[in-house]
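What follows is a single structure, written as structure tokens, with notes after it.
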Amino acid sequence: MSQPLHIVILAAGEGTRMKSAKAKMLQSLGGQPLLTHLLETAMTLKPEGIHVVVGAGSEAVRDACASYEVDWVQQEERLGTGHAVMQAMPRVPDGATVLVLLGDTPLIPTDLLHVMVDEYRAPLALLTMELDDPHGYGRILRDPGGNIIGVIEHRDAEPHQHAIREVNTGIIMADSERLRGWLGRIDCDNANGEYYLPDVFSLARAENGEIQGILAPDASDLQGANDRAQLARLERRLQQRRAAGLMAEGAQLIDPARIDIRGRVEVGRDVLIDVNVVLEGDVHLGDEVMIGPGAVLKDCDLAAGTRVLAYSVMEGVTTTGACDIGPFARLRPGTELSAGCRVGNFVETKNARLGEDSKASHLSYLGDSEIGSGVNIGAGTITCNYDGANKYRTVIEDGAFIGSDTQLVAPVTVGRNATVGAGTTVTRDAPADALTVSRSRQTTIEGWKRPTKDR
Ligand code: UD1
Ligand code: CA
């Protein structure tokens, strides 16, 4: 295709059937606003311009898509798909090719669009699909020779036309001057009183132009997103694709139907992901990383050999070597674990760095902490990092041993190889190589009797 490409995306729909306070284009699909899927697909075609037609209440849509370079076109009144394309045409020069996409069809596969653009024959082409239940769609009309002669909307069709299973996907390509001419001639004389984009087909045909039909191989990629049930089906479709992508990269998914990817995931060799794992944001999993069942990871970068056991919830975590996490660990942003670390069940960390071979195996809170290597944190250790107004750091140097049920009242430092006795409340620095303990001495009262109930 030699002419410059301009993409027009129709996205002025209100999405009434979602019954939502949010615009349809902002409904979440795969963890991102619906419209962003089409924008990303459109960008792979490297067009000269992407013109997005939006309607009332579009500010939120523009804000949510602010990071994309698009030309926003306002359609003040929703007068039909033909009218919507007309609003964008002043931004499209003559001598260009226009590709119209529907905000309605967010998961159109990139490779299908590339085929369409490569095989496009001027002046007009449309993408069709075959449906077992074509109800509601515009039907493709062909003459006895098989040439496309028009599209008839479901509401305007005769009963015998309802049997036609080949339908309009709504995705068309056309030469810009010709399209401008046809759009200037369409009217709203139909069951909906709208300016229909598909009316350009009969106008083109009347000029004896050939209309190229491209049949999409798989209609399930072109399903609409009109209500919650359809949105859920699209979500499954997208997740299937993302799971297939991860497997193609070499990841072992125990069940590709039971993983949810809501962001970008990169995997090394022999990564294993068990069932019901949710991955969000940017997740990088090094070679032989294992993610146990039910784990939720957001924006994590895990070094080769890291094992995340069942039901751990992690956000903003980096491991710089193989370590063991969970089950039931809660690692919050700013957690950095070095090789050989172990953070076990019911341990919460935040802004905490653990050096090599340090362990917090059970029931602890480590916040705003700098922990050296070879440190053992006993069960029930709590860093008291917050005084209700400010946060303070706890430093635990290499080789220290923190006994169970210790409170470290920050700011405080535990020196190298120091030992803190179980049950200690550390309020001042604990010196290196020594035992620090704050605990009242144990006494035994001989012959003491338990109270008994009064009769
Ligand atoms: C449209 C086609 C139909 C096709 C179907 C495929 C028309 C008249 N019919 O029907 O042939 O089979 O798509 O899904 O084109 N929009 C605007 N402004 C408007 C009207 C619509 O931006 O004034 C946008 C909508 O947000 C939506 C898209 O255009 O993304 C399609 O509009 P919709 O009303 O859903 O058309 P359908 O009745 O589904
Ligand atoms: Ca629709």
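Counting convention: from 1, in listed order, for ligands and their atoms alike. Fair warning: this is a prediction, and the values are worked out from it, not measured in the lab. No hydrogens, no waters, no symmetry mates; every other heavy atom, side chains included, goes into these values.
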Side-chain donor or acceptor of R242 paired with backbone N/O of I259 under 3.5 Å: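 Side chain of R242 to backbone of I259, a donor-acceptor pair under 3.5 Å: no, none is there.
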Pairing of E153 and R139 as salt bridge, 4.0 angstrom limit: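 Looking at R139 together with E153, the answer is no, because their closest N to O distance does not fall below 4.0 Å.
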Heavy-atom pair with the smallest gap, counting every atom of P93 and H6: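 Of all heavy-atom pairs spanning P93 and H6, the closest is CD-NE2, 3.4 Å.
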Minimum-distance pair of heavy atoms, taken over all atoms of N190 and D187: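 Answer, listing the atom of N190 first, then D187: ND2-O, 4.3 Å.
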Distance filter under 3.0 Å, centred on the Ca ion (ligand 2) - protein N, O or S atoms that pass it: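 Under 3.0 Å from the Ca ion (ligand 2) - ignoring waters, which are not counted - the protein N, O or S atoms are D104 OD2.
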Polar side chain donor-acceptor pair, T383 to N385, under 3.5 angstrom: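 Side-chain D/A pair, T383 to N385: absent.
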Residues, nucleotides or ligands: over 12 heavy atoms within 6.0 Å of Y195 OH: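 12 or below, so no.
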Sequence-distant partners of D299, side chain to side chain donor-acceptor pair (under 3.5 Å), two or more places apart: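 So D299 forms no side chain to side chain donor-acceptor pair (under 3.5 Å) with any residue.
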Enumerate, atom names and distances included, each donor-acceptor pair closer than 3.5 Å involving a side-chain atom of residues 54-62, sequence neighbours excluded.
| from | atom 1 | to | atom 2 | distance (Å) |
| --- | --- | --- | --- | --- |
| S58 | OG | G55 | O | 3.4 |
| S58 | OG | Q74 | OE1 | 3.2 |
| R62 | NH2 | Q74 | OE1 | 2.6 |

Could you tell me, for ligand 1, which of its N or O atoms are under 3.5 Å from any protein N or O, listing the pairs and their distances rounded to 0.1 Å?
| from | atom 1 | to | atom 2 | distance (Å) |
| --- | --- | --- | --- | --- |
| ligand 1 | 9 (N) | E153 | OE1 | 3.1 |
| ligand 1 | 9 (N) | E153 | OE2 | 3.1 |
| ligand 1 | 11 (O) | E153 | OE1 | 3.4 |
| ligand 1 | 11 (O) | E153 | OE2 | 2.7 |
| ligand 1 | 11 (O) | N168 | ND2 | 2.9 |
| ligand 1 | 12 (O) | G138 | N | 2.9 |
| ligand 1 | 12 (O) | N168 | O | 2.6 |
| ligand 1 | 15 (O) | T81 | OG1 | 2.6 |
| ligand 1 | 18 (N) | Q75 | OE1 | 2.7 |
| ligand 1 | 22 (O) | A12 | N | 2.9 |
| ligand 1 | 23 (O) | Q75 | OE1 | 3.3 |
| ligand 1 | 23 (O) | Q75 | NE2 | 3.0 |
| ligand 1 | 23 (O) | L79 | N | 3.4 |
| ligand 1 | 23 (O) | G80 | N | 2.8 |
| ligand 1 | 23 (O) | G80 | O | 3.1 |
| ligand 1 | 26 (O) | G13 | N | 2.7 |
| ligand 1 | 30 (O) | L10 | O | 3.1 |
| ligand 1 | 30 (O) | D104 | N | 3.3 |
| ligand 1 | 35 (O) | D104 | OD2 | 3.1 |

Beyond-backbone contact of H284 with L302, side-chain heavy atoms, under 4.5 angstrom: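 No, side chains not in contact.
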